[in-house]
J.: 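Can you keep this structure in mind? I'll have questions shortly.
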Amino acid sequence: MTDDASSFQVSIATDGADLLAAQRLRYDVFVDELGAAGPMVDHKHRLERDLFDPYATHFILRDMQRPPDEQVIGVYRVMTEAAASAAGQFYCEDEYDLTRLKASGHNLLELGRSCLHPDFRGGPALMYLWAALAEFVVEHRIDLLFGVASFHGTDVDTIAAPLSLLHARHQAPLELNVTANPPGAQAMDLVPVDQIDRVAAMRATPALIKAYLRLGGVVGDGAFIDHAFNTVDICLILPTEAVKALPRRPNGRRG
């Protein structure tokens, strides 16, 4: 992990080269590291891509001290309601029924495809992406953020405790709740809450999910088993108060 965050630069993809750089990092993380697959994954050119990419906004984090072809160390993809309309749907509508969210009257923004180069996890890199996201939220007057976040692997038994704790302690209010779609839907209330070792359960929860929870995020009703991506997904919803709590930009450069 780098010690000099002053070399970080966040930008929004503006051309095909930027998008390809984001898709290459996604391939390294999601395909090589985590075993994801999909109909549009390009193994020859090492690109993780899908049909939503042309419609989405892509945040790209670079470490300008690295060689030019290795500078992209983090990416985040977001979709506004207008982008989802152009694409035909939000990405996670294949997994979750978003009826209540879409009828809430809130201005929505979907988060997805967040990943960091392994050398930069556990440091300030994610905060730079979130700070850029916070500026985007203000600029576009976003009221509510949502998106799927994942546990690696598809063996639900190994994550029964963290899923159950999320269901018991962090369930979204009914008016904002979403439900997992069949056939991938998976109940989350698998272990009685009084039988859960909370410390161990949180230790088994991915860092990104814990970060969303610290911001005030809540979870939808049910998980979704995504065999193609080799994950168990949950839908996280960040209400207005959580949006306002997004960290502002650290010292660094905006491209």
Side-chain angles (χ1 to χ4, degrees), residues 76 78 90-116 121-122 126-127 129-130 133-134 137 142-182 184-226 229 231-247:
Y76 225 126
V78 303
F90 285 109
Y91 169 81
C92 72
E93 283 189 87
D94 284 340
E95 300 186 6
Y96 284 87
D97 181 349
L98 304 182
T99 300
R100 292 193 185 101
L101 280 187
K102 293 168 73 174
S104 69
H106 292 299
N107 190 15
L108 306 176
L109 184 70
E110 182 181 40
L111 311 179
R113 289 301 197 274
S114 171
C115 64
L116 291 172
R121 295 171 194 166
L126 182 60
M127 294 300 102
L129 286 168
W130 274 7
L133 177 61
V137 162
I142 301 300
D143 300 315
L144 191 147
L145 309 175
F146 72 98
V148 294
S150 305
F151 290 83
H152 178 50
T154 58
D155 185 353
V156 174
D157 290 341
T158 64
I159 55 171
L163 287 178
S164 300
L165 188 63
L166 289 169
H167 176 84
R169 300 297 185 191
H170 300 282
Q171 188 78 198
L174 180 62
E175 66 271 15
L176 297 179
N177 214 338
V178 302
T179 54
N181 294 326
Q186 165 66 52
M188 295 174 66
D189 53 341
L190 304 172
V191 180
V193 67
D194 59 357
Q195 296 179 21
I196 298 173
D197 181 336
R198 297 184 189 179
V199 173
M202 290 309 295
R203 190 178 298 121
T205 301
L208 182 61
I209 295 177
K210 288 187 283 193
Y212 285 138
L213 296 178
R214 285 194 293 270
L215 287 173
V218 290
V219 303
D221 184 12
F224 186 92
I225 301 176
D226 185 348
F229 229 65
T231 57
V232 175
D233 299 339
I234 61 169
C235 189
L236 278 150
I237 302 156
L238 278 73
T240 303
E241 294 76 13
V243 173
K244 292 178 180 177
L246 283 169

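Count residues from 1 along the sequence.
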J.: If I take atom CG from residue Leu208 and atom CG from residue Leu213, how far apart are they, to the nearest 0.5 angstrom?
T.: 9.5 Å
J.: Please name the pair of heavy atoms, one in Glu93 and one in Lys102, separated by the smallest distance, quoted to 0.1 Å.
T.: OE1-NZ, 3.0 Å
J.: If you look at every heavy atom in Pro173 and Val218, which pair is closest and at what distance?
T.: CD-CG2, 4.2 Å
J.: Residues in side-chain contact (heavy atoms from CB on, under 4.5 Å) with Ala168, at least two apart?
T.: Val193
J.: Does the pair Leu145 and Tyr212 meet the rule for a side-chain contact (heavy atoms from CB on, under 4.5 Å), with working shown?
T.: CA-CA 10 Å; Leu145 309 175; Tyr212 285 138; over 6 Å; no
J.: Provide the closest heavy-atom pair for Asn177 versus Val219 in the form atom of the first, atom of the second, distance.
T.: OD1-O, 3.9 Å
J.: Quick one: pull up CG in Leu101 and CD1 in Ile237 and give me the separation to the nearest 0.5 Å.
T.: 5.0 Å
J.: Just by distance, do the side chain of Gln186 and the backbone of Val156 share a donor-acceptor pair under 3.5 Å?
T.: no
J.: Please assess Leu108 against Leu98 for the test side-chain contact (heavy atoms from CB on, under 4.5 Å), listing each intermediate value before the final yes or no.
T.: CA-CA 11 Å; Leu108 306 176; Leu98 304 182; over 6 Å; no
J.: Looking only at non-hydrogen atoms, find the nearest pair between Cys235 and Tyr96 and report the distance.
T.: N-OH, 3.4 Å
J.: Quick check on side chain to side chain contact (heavy atoms under 4.5 Å, CB included): which of Asp189, Asp97, Leu174, Thr179 does Asp221 satisfy it with?
T.: Thr179
J.: What is the minimum heavy-atom distance between Ser164 and Ala160, and which atoms define it?
T.: OG-O, 2.7 Å
J.: Measure the spacing between OG1 of Thr205 and CD1 of Ile234 and express it to the nearest 0.5 Å.
T.: 8.0 Å
J.: Are Pro162 and Phe151 side-chain neighbours, meaning at least one heavy-atom pair lies under 4.5 Å?
T.: yes
J.: CG/Asn181 to CG/Asp94 distance, rounded to the nearest 0.5 angstrom?
T.: 8.0 Å
J.: Going from SG on Cys115 to CZ on Arg121, what distance comes out if it is rounded to the nearest 0.5 angstrom?
T.: 8.0 Å
J.: So does Ile225 get a backbone contact from the side chain of Thr231, meaning a donor-acceptor N/O pair under 3.5 Å?
T.: no
J.: If you round to the nearest 0.5 Å, how far is NE2 of His106 from CD of Glu175?
T.: 8.0 Å
J.: Is the closest side-chain heavy-atom distance between Cys92 and Glu110 below 4.5 Å?
T.: yes
J.: Could you go through Phe90 and Phe146, starting from their C-alpha distance and side-chain angles, then the distance that decides it, and tell me whether this counts as ring pair (Phe, Tyr, Trp, His ring centres under 6.0 Å)?
T.: CA-CA 10 Å; Phe90 285 109; Phe146 72 98; 5.0 Å; yes
J.: Identify the heavy atoms of Ala223 and Ala180 that sit nearest to each other, and give their distance.
T.: O-CB, 3.3 Å
J.: Using side-chain heavy atoms (C-beta onward) and a distance below 4.5 Å, is Leu129 in contact with Leu116?
T.: yes
